[in-house]
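Worksheet: the structure to be examined is printed underneath.
So you know, we letter chains A, B, ... as the sequences are listed, proteins then strands, and number each from 1. Reckoned from all heavy atoms, side chains included, excluding hydrogens, waters and symmetry mates.
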Amino acid sequence: MAILTANGHGVVRGALSLPRAGVWHADLDVDAPAPLTGAVTLKADGLSFQGTVVRGDLYMGVARIRVAGGAGGLGRQARPQHYVHPQLRSPLADLLRAAGETLSPTVAPALLARQLTAWTVLAAPIGEQLSVLVARAAGTGVTWRVLADGTVWLGVDAWPDAGIADWRELGRSPSDGSLELGLDGVVLLPGTTLGDLRIDYCEHLLEDGELRTRAWVAAA
Amino acid sequence: MKSVADRIKAGLMAVARSALPSVDYFANYRARVVRQAGQLLDVVPDDPRLPSMSELPIKLGIPGGEVQVAPGAYVLVGWDGGDPQRPHAILWEAGAVVLSLKVTAAEIKLGGDTTTLVDGVVTGRAIDSFTGIPQWQLGNSSAVVSAKKV
């Protein structure tokens with residue numbers, strides 16, 4: 001059984017990259033008889049990722065695809081708009097609507113109700129405008145990312161325990177704060193704590209039926 | 001045909017561009033005034049990457065000063081510290097029609113210390129440098145100057 005599947009087809013090789021801030025993405029070779037397009041569900045043991053194929057085709061008998069988390073629309077251009085005394089939810093909702101993305105229902109209502117004096121959305125990539133909104137208007141420590149379920153979340157990370165009992169540290173690179181981990185599947189997510197390590201970014205690499213996980217740890 | 005060096009340079013420039021925001025909140029953009037309410041302006045920027053903007057506070061450059069301009073004037077719009085929550089309008093372009101200008105200073109000196117007082121008032125005379133005609137005859141000098149009695 002494949003470690004990871006894409007719309008039910010086994011992933012032969014590839015990488016699933018999960019940042020704590022931004023859009024997760026995957027570059028995968030999928031054992032599929034036809035090109036995969038549109039919405040795609042990546043399934044691993046216990047975890048499911050909702051994304052969209054943003055590029056790809058059949059190559060050497062496999063579907064070689066790039067998947068972006070959610071609707072894959074955060075690279076679109078934002079429509080310029082100016083707001084006077086808006087709540088944060090107004091520019092946020094307009095940006096996500098233009099991107100075809102969905103806001104996570106787990107976002108704190110108080111954050112969405114945050115009162116701004118004004119806001120200007122410029123014609124720039126929506127993801128970039130979303131980053132500016134979060135960085136300049138959402139408050140200290142707030143970040144945003146596309147969750148595994150494909151929705152866009154923003155908030156302050158609570159760093160819950162990753163809930164992984166069985167893991168091994170295979171290597172460590174203090175120069176860039178990364179670890180090579182032995183895990184029993186695609187189970188580690190950013191924004192969680194593994195032991196006493198806060199996971200800032202993780203990359204699950206699949207090759208020849210083997211899984212390797214590299215995790216970057218948030219600076220203390 | 002591009003040389004290898006040109007292609008490497010183009011690639012490096014593309015990387016550099018991708019690292020920079022495509023529109024910059026730290027820049028100022030030319031915009032036309034379409035409406036004024038108090039010291040707040042509604043404007044339409046020339047650059048289509050910017051939206052029409054409303055209720056922009058005027059940063060006049062004179063402390064306590066207030067100005068009323070006719071629609072059609074051009075200003076620069078920008079954001080304090082690059083913060084999209086703090087837009088402003090600054091620096092009028094020449095040609096703006098000023099309807100009123102209010103300065104709250106306790107003392108305003110016209111003509112500097114060498115101006116002669118005639119009958120207790122400051123008189124001024126300006127010559128149009130192009131025509132040599134006094135400016136009041138050209139109809140472009142102020143008709144009324146109000147001053148608070150002290």
Side-chain angles (χ1 to χ4, degrees), chain A residues 17 19 21-23 25 54-55 66 68 73-99 111-140 142 144 154, chain B residues 11 13-60 69 71 73-91:
Chain A
S17 304
V23 187
H25 66 277
V54 291
R55 200 167 178 176
R66 165 160 284 196
L74 291 168
R76 290 181 200 157
Q77 198 83 340
R79 189 172 70 84
Q81 196 163 346
H82 185 70
Y83 304 83
V84 179
H85 303 305
Q87 290 188 338
L88 187 138
R89 75 174 77 245
S90 296
L92 176 65
D94 289 342
L95 286 170
L96 295 185
R97 190 177 304 113
L111 179 55
L112 298 175
R114 198 175 169 94
Q115 192 66 52
L116 314 182
T117 50
W119 195 260
T120 311
V121 169
L122 305 176
I126 292 172
E128 183 183 302
Q129 289 291 292
L130 183 56
S131 292
V132 174
L133 181 65
V134 170
R136 300 305 293 258
T140 309
V142 175
W144 74 274
L154 51 153
Chain B
M13 287 176 70
V15 169
R17 272 196 305 272
S18 71
L20 296 170
S22 42
V23 201
D24 189 354
Y25 287 104
F26 285 96
N28 291 308
Y29 301 86
R30 186 173 186 259
R32 180 171 48 86
V33 175
V34 292
R35 184 174 168 273
Q36 179 171 0
Q39 291 305 291
L40 301 174
L41 296 179
D42 295 356
V43 301
V44 177
D46 287 353
D47 190 328
R49 296 173 303 172
L50 273 69
S52 296
M53 301 167 76
S54 55
E55 299 188 23
L56 299 189
I58 300 168
K59 295 212 159 181
L60 195 56
V69 296
Y74 279 90
V75 288
L76 294 180
V77 298
W79 297 267
D80 296 358
D83 185 347
Q85 284 201 76
R86 296 159 63 201
H88 60 233
I90 54 170
L91 297 179

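- Legend: residues meeting side-chain contact (heavy atoms from CB on, under 4.5 Å) with A:S90, ordered by chain and number and at least two apart, are A:Y83, A:P86.
- Identified under the side-chain hydrogen bond (donor to acceptor under 3.5 Å, both in side chains) test for residues 131-140 of chain A, with sequence neighbours left out: A:S131-A:W144.
- Separating the CZ atom in B:R86 from the OG1 atom in A:T120 is a distance of 12.5 Å, to the nearest 0.5 Å.
- Heavy atoms of A:V121 lying under 4.5 Å from chain B belong exclusively to its backbone.
- With rounding to the nearest 0.5 angstrom, the CD atom of B:E55 is 11.5 Å from the OG1 atom of A:T117.
- The heavy-atom pair separating A:P80 from B:L50 by the smallest distance is CB-C, 3.6 Å.
- Between chain A and the residues B:P87, B:P84, B:P48, B:G82, the most heavy-atom pairs under 4.5 angstrom are made by B:P84.
- Interatomic distance, B:S52 OG to A:H82 NE2, rounded to the nearest 0.5 Å: 10.0 Å.
- The number of heavy atoms from other shown groups lying within 6.0 Å of CZ (A:R79) does not exceed 12.
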